[in-house]
Every structure is written in structure tokens, then in C-alpha cells.
Undergrad: 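Handing you this structure, nothing more for now.
Numbering of residues begins at 1 and proceeds along the displayed sequence.
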Amino acid sequence: MKLHLSNLDEILHQVRNAHPKNYLNEAVVSYRAGAYRAALITTWIAVCVDIIEKIKELAVAGEPAAAKVAETLDKINPKDPSSMLSFERDILNYACDDLELISVIEKMHLDRLKEDINICAHPTFSDDGSQYTPNAEQALSYIVQAANYLLIQAPVKGKVVIERLFDLINETSFPEDEEKAYVVLSSEHNLGRVKESSVRNLAIILIKRLFKDKEGIAQEELARISAALGAISRLYPEKYSEVLTEKLSQMLSEASDKQLKRIFPFLRNRKEAWSYVEKSEKIRIESLLSGMTAENIIFYEVIKAVENTPELNQVLQTTVNAFNFVDKSKLLSSISSSLFKEQAIDLFIKSTNFDASEHSGKNILLPLSKHLTSDEVDEVLTGACNNTGGFGYNQILPAGAIDSFFVQFYEATKASDKHHSKNWHKFWVCANEKGFSYTSLNEAMLKDGLLTEQDIQEESEADEDDPTDDGIPF
């Protein structure tokens with residue numbers, strides 16, 4: 001959090017460590033008293049003490065770069081002013097280059113503070129005896145800069161954290177669920193305290209693993225990487241967007257077809273990534289999709305990937321429509337998607353044998369039933385009643401286990417079909433006219449008031465009066 005210039009009391013409240021806080025408090029007291037030279041000197045001491053405390057904190061946390069600087073710090077002899085001055089001269093370099101506690105620009109500002117305190121703390125030996133005195137604005141600016149750049153900030157981890165986090169994400173213990181991945185990565189031990197440059201590098205490495213690595217990638221690993229990128233998008237949305245903008249299309253352009261197919265399971269989890277893909281790569285992906293087999297579409301989880309991507313959805317629909325009955329049935333049985341309601345209905349009502357009607361009804365149409373409109377429910381029921389199979393004979397109504405399908409379909413469409421009563425009564429009449437009655441369906445419709453005992457009795461008596469049942473063989 002960046003604090004405003006005049007919020008000195010709030011600045012003091014936000015300082016994390018007690019030792020630099022004491023020095024900054026002296027700087028504020030000096031500033032308010034008009035002792036601006038003293039304010040600069042104590043501000044600089046607060047900066048040095050804060051950096052030293054952060055070095056120790058990061059070293060204890062296992063940060064290798066901090067541990068190395070801490071070794072140098074531990075070797076300083078308190079009775080050797082030259083070694084202390086030497087460390088002080090390099091302290092901003094340690095903070096910026098080795099530990100990434102401050103940026104290059106922030107280091108430049110604090111270097112100016114360092115130069116000014118050297119003037120403030122030593123006589124200038126000017127001819128007229130006058131000494132340098134900073135003005136109030138300079139003193140206040142340095143206090144706020146020191147606080148914003150260092151004192152109120154938690155120590156952050158730099159370059160070495162990337163390799164550790166990449167290894168962590170590839171461990172089986174890392175969650176595939178984005179919410180859990182967010183909890184893990186938002187910890188201060190992980191991405192909770194890192195430079196944004198480190199976040200950027202981690203995101204790049206993860207995307208590179210997906211689309212440039214020639215080694216295969218397991219489905220579980222891809223899910224973990226996608227979950228990690230999802231967590232990054234929430235923790236550092238600007239950096240996530242920046243990386244996708246700059247790197248995604250570049251990596252896709254260099255990917256082989258085998259590597260490029262990984263975009264589909266990736267899009268299943270990271271749908272927003274499609275908007276970052278350039279047109280040239282979208283053309284490649286669409287062409288790749290148009291030539292995929294049913295097995296490939298299932299394996300690469302294409303249907304889930306394109307559900308919210310209209311461009312790919314249209315290509316997928318065209319591809320699937322060109323499949324034969326076996327491949328189309330295999331594909332639609334593998335996943336329930338409202339994208340393929342039309343194909344599912346068509347497969348069912350055009351069934352050419354009993355097994356096909358039972359399979360299409362139970363495994364393809366029933367899972368989609370909650371997505372069907374009233375007109376689509378009517379289309380299913382009318383189509384089932386008017387099916388002519390492969391040789392002019394209905395292959396749905398006489399199927400052995402079709403009663404079970406019809407009663408499940410009846411129950412499942414109650415919520416979605418506003419003409420539920422009308423559609424099902426129409427089907428019941430049609431089926432009975434063709435000589436088919438379903439006990440379970442009759443019971444369900446009777447329970448809901450769509451039929452009466454008299455309806456069922458009349459239907460039963462009509463069957464008994466049917467001349468086809470009079471025992472005459474021809």
C-alpha cells in the first residue's frame with residue numbers, strides 16, 4: 001500500500017519492524033521540529049536497519065540469496081568501522097540486485113537520500129562557513145519514499161523462488177482445483193511475498209511447459225499448471241494478462257500440431273486465454289480441430305473447451321456432424337453437453353435397432369434432458385412414436401428396456417418442459433394407438449394427474465378388443 005505525503009502518523013503505524021520504526025519516528029519528530037538535516041540522517045538509518053532486518057528474516061526463511069548476504073553481515077566486526085561502512089556503502093545494491101527488495105528506480109531515489117545525508121552529516125568547508133540544509137519538502141519526500149519502498153513492505157522473495165515453485169506445482173501434492181491452488185500459492189511462503197518480475201517469470205515457465213516442452217504432459221500435470229495459472233490470475237491479474245498477451249501466441253506459433261492440441265484441455269480450465277490468441281494461431285487451431293477424430297476430441301476434452309468459445313464451437317459442430325453414426329454415438333456418450341442437443345435427439349429418433357435406441361436414450365439423451373426446451377421434448381416423443389427403423393418398423397417403442405428410459409425422461413423433463421402435461425399425454429395416446437403401454441410411465445403419469453384410472457382401464461380394454469389378439473395366426 002502506498003501512503004500519501006502528509007500521512008506521517010499512518011506511515012509510522014504501518015512500519016513492520018520495531019527497530020526501523022524507532023528511527024523513522026525520530027525522523028518524523030525532527031521533521032515536525034524543523035530539524036531537516038536530522039530527519040534525513042535518521043531516515044537513512046531507518047532504511048539501513050530495515051534492510052538488515054529483512055536480510056535476516058529472509059535468511060531464516062531459507063532464501064539462498066539472503067543467506068549469502070547474511071554471511072557477509074555476520075563477518076562484520078562491531079569494532080571495525082571500516083567493515084561496517086563498507087557494508088553500508090553496498091547495502092542498496094544488496095537490496096536491489098541480490099534480494100530484489102526494491103526496484104532500480106527505487107534504488108535511484110534512495111541513492112539520492114544517501115548522497116544528501118553524506119552532505120548533511122559532514123561539514124562542507126565552504127568559504128563563507130554556510131552548511132547544506134535540506135528544505136521541508138525534501139525531508140518529507142525522503143521519509144515517505146523510505147516508508148513506501150521498504151519500511152511498510154514485507155520482505156519479498158526473488159529469483160530463486162521460481163524454481164522451487166515450479167517444482168512444487170509439478171508435485172502430485174499440488175491441487176488440481178483452482179481454489180485450493182490459490183490458497184497454496186497465496187501463502188507468504190510462496191507467491192504472497194515475491195516480486196512481480198518473479199511472478200511473470202513463473203507464468204512464462206508454466207506456459208512454456210505446456211506448449212514448448214517436447215515431452216508428454218499428463219492430464220493431471222496439465223490440470224495443476226492450469227490451476228496454478230488461475231491462482232496467478234487472481235493474485236497478479238495485470239502480470240497474468242501481460243504474459244498471455246506477450247507470450248501465448250508466440251509459443252503457439254512455435255508449437256507442433258501435437259503440442260498445439262494441448263490448447264484444448266488448457267482452454268477447458270482457462271477459457272479467458274482464447275481472447276489472447278492471435279488470429280494467425282486461431283486459424284491453425286480451427287484447422288486442427290476440423291480434422292480431429294472422435295477419439296481425439298474425447299482425449300483432448302475439446303467439447304468442454306469450446307462450450308463458451310463461439311468460433312471453435314461452430315468448427316466443432318461441423319466436424320461432429322460429418323461423423324458416422326458409430327463415431328457420433330461414441331463421442332456424445334463420452335460427455336454431456338448442451339451444445340449437442342440437436343445431434344442427441346437426431347441419434348435417438350433415428351435409431352435403426354433396439355440396442356441403438358436404448359443406448360442413445362440412456363447414455364446420450366437422458367443426461368441432456370434438463371437442457372431441453374418444450375419443443376425439443378415434443379420432438380423426442382413424436383420422433384420416438386414415428387420411428388421407422390432401418391426396415392420400416394419402429395425400433396424405439398418395442399425396445400426391451402425402453403420403459404425405464406421413458407419414465408426417467410418423464411421425470412427429468414418436468415422442470416424444463418412448460419408443456420409437460422400436453423407433450424406426454426400426446427405421446428401416451430400415440431404409443432397406445434400403436435399398441436405399446438409402459439407400466440412405470442403409466443404409474444408416474446397417474447400419480448401426477450396426467451392420467452386417470454379410467455384412461456388406463458379404457459386403454460386396457462381396447463387392447464383386449466384388438467383383432468390382432470384374437471388368436472388367428474394369419
Undergrad: Test side-chain contact (heavy atoms from CB on, under 4.5 Å) on Ile11 and Val28; report intermediate values, then the result.
TA: CA-CA 10 Å; Ile11 285 176; Val28 171; over 6 Å; no
Undergrad: Looking at Glu358 and Asp355, would you say the former's side chain and the latter's main chain have a donor-acceptor pair under 3.5 Å?
TA: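 It does not hold such a pair.
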Undergrad: For Ala39, does its backbone N or O pair with a side-chain atom of Thr42 as donor and acceptor, under 3.5 Å?
TA: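 Such a contact is found between Thr42 side chain and Ala39 backbone.
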Undergrad: Closest heavy-atom contact between Val302 and Met292?
TA: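 Closest approach of Val302 to Met292: CG2-CE, 3.8 Å.
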Undergrad: Could you walk me through whether Gln343 and Gln317 pass side-chain hydrogen bond (donor to acceptor under 3.5 Å, both in side chains), step by step?
TA: CA-CA 9 Å; Gln343 290 89 338; Gln317 293 279 357; 2.6 Å; yes
Undergrad: Taking Ser416 for its side chain and Leu372 for its backbone only, find out whether a donor-acceptor pair lies under 3.5 Å.
TA: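 At least one qualifying donor-acceptor pair exists.
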Undergrad: Can Arg16 and Asp50 be counted as an ion pair, charged N to O under 4.0 angstrom?
TA: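 Salt bridge between Arg16 and Asp50, a charged N being under 4.0 Å from a carboxylate O: no.
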Undergrad: Does this structure show an ion pair linking Lys341 with Asp375, if we count only N-O contacts that are shorter than 4.0 Å?
TA: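 No, no charged N to carboxylate O under 4.0 Å.
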Undergrad: Are the side chains of Tyr142 and Gln145 in contact, using a 4.5 Å heavy-atom criterion?
TA: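 Touching, per the 4.5 Å side-chain cut-off.
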Undergrad: Sorted by first residue and then second, give each side-chain hydrogen bond (donor to acceptor under 3.5 Å, both in side chains) pair with at least one member in residues 215-230; sequence neighbours left out.
TA: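 Sorted result for residues 215-230: Arg209-Glu221, Gln219-Glu301.
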Undergrad: Classify the side-chain pair Glu278/Gln250 by whether it contains a donor and acceptor separated by less than 3.5 Å.
TA: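 Distance-only check fails for Glu278 and Gln250.
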Undergrad: Are Lys208 and Glu254 within salt-bridge range, i.e. N to O under 4.0 Å?
TA: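 Judged by the 4.0 Å cut-off on N to carboxylate O distance, Lys208 and Glu254 do not form a salt bridge.
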Undergrad: Between Asp448 and Lys414 (salt bridge meaning N to carboxylate O under 4.0 Å), is one present in this structure?
TA: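 Salt bridge present between Asp448 and Lys414.
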Undergrad: Checking Tyr31 against Thr43 for the side-chain contact (heavy atoms from CB on, under 4.5 Å) test, could you report, in this order, the C-alpha distance in whole Å, the side-chain angles of both residues, the deciding distance, and whether it holds?
TA: CA-CA 10 Å; Tyr31 163 76; Thr43 297; over 6 Å; no
Undergrad: How close do Ser83 and Ile76 get, counting heavy atoms only, and between which atoms?
TA: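 In this case the closest contact between Ser83 and Ile76 is OG-CG2, 3.4 Å.
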Undergrad: Checking the side chain of Lys370 only, and the main-chain atoms of Pro367 only, is there a donor and an acceptor separated by less than 3.5 Å?
TA: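 Looks like no, no N/O pair under 3.5 Å.
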Undergrad: side-chain contact (heavy atoms from CB on, under 4.5 Å) for Gln138 and Tyr36? Distances and angles first, verdict last.
TA: CA-CA 8 Å; Gln138 285 177 298; Tyr36 302 131; over 6 Å; no
Undergrad: Side chains of His419 and Asn423: is there a donor and an acceptor less than 3.5 Å apart?
TA: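 No, no side-chain donor-acceptor pair sits under 3.5 Å.
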Undergrad: How many angstroms lie between CD1 in Ile297 and CG in Leu289, if you round to the nearest 0.5 Å?
TA: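 The CG atom of Leu289 is 6.0 Å from CD1 of Ile297, to the nearest 0.5 Å.
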Undergrad: Parallel, tilted or perpendicular for Tyr438 and Phe406, by the 30°/60° rule?
TA: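 Taking Phe406 first and then Tyr438, their aromatic rings sit tilted (interplane angle of 30° to 60°).
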Undergrad: Can you confirm whether Ile349 sits close enough to Asn387 that some side-chain heavy atom of one is under 4.5 Å from a side-chain heavy atom of the other?
TA: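 They are not in side-chain contact.
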Undergrad: Within the side chain of Asn17, is there an N or O that forms a donor-acceptor pair under 3.5 Å with the backbone of His19?
TA: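 Indeed, once roles are kept as given, a pair shorter than 3.5 Å links the two residues.
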Undergrad: Are the aromatic rings of Phe409 and Phe427 close, with centres under 6.0 Å apart?
TA: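 Centroid distance Phe409-Phe427: not below 6.0 Å, so no.
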Undergrad: What heavy-atom pair brings Ala344 and Leu332 nearest, and what distance separates the two atoms?
TA: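 For Ala344 versus Leu332, the nearest heavy atoms are N-CD1, 3.9 Å.
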Undergrad: Would the distance check show the side chain of Thr245 and the main-chain N or O of Ser241 forming a donor-acceptor pair, the cut-off being under 3.5 Å?
TA: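 Indeed, once roles are kept as given, a pair shorter than 3.5 Å links the two residues.
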Undergrad: If we ignore hydrogens and angles and just use 3.5 Å, is the side chain of Glu286 paired with the main-chain N or O of Glu311 as donor and acceptor?
TA: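 Here the side-chain-to-backbone pair does not exist.
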Undergrad: Between Asp116 and Arg112, is there a side-chain N and carboxylate O pair less than 4.0 Å apart?
TA: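 Result for this pair is no, no salt bridge flagged.
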Undergrad: If I take atom CG from residue Leu368 and atom CG from residue Leu339, how far apart are they, to the nearest 0.5 angstrom?
TA: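 Reported value, rounded in 0.5 Å steps: 9.5 Å.
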Undergrad: How close do Ser440 and Asp403 get, counting heavy atoms only, and between which atoms?
TA: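 Taking every non-hydrogen atom into account, N-OD2, 3.3 Å.
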Undergrad: Using the ring pair (Phe, Tyr, Trp, His ring centres under 6.0 Å) definition, which of the options Trp274, Tyr276, Phe211 pairs with Phe266?
TA: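 The ring pair (Phe, Tyr, Trp, His ring centres under 6.0 Å) with Phe266 is passed solely by Phe211 among Trp274, Tyr276, Phe211.
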Undergrad: For the residue pair His420 and Trp424, does the interplanar ring angle fall in the parallel (under 30°), tilted (30 to 60°) or perpendicular (over 60°) class?
TA: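 Rings of His420 and Trp424: tilted, 30 to 60°.
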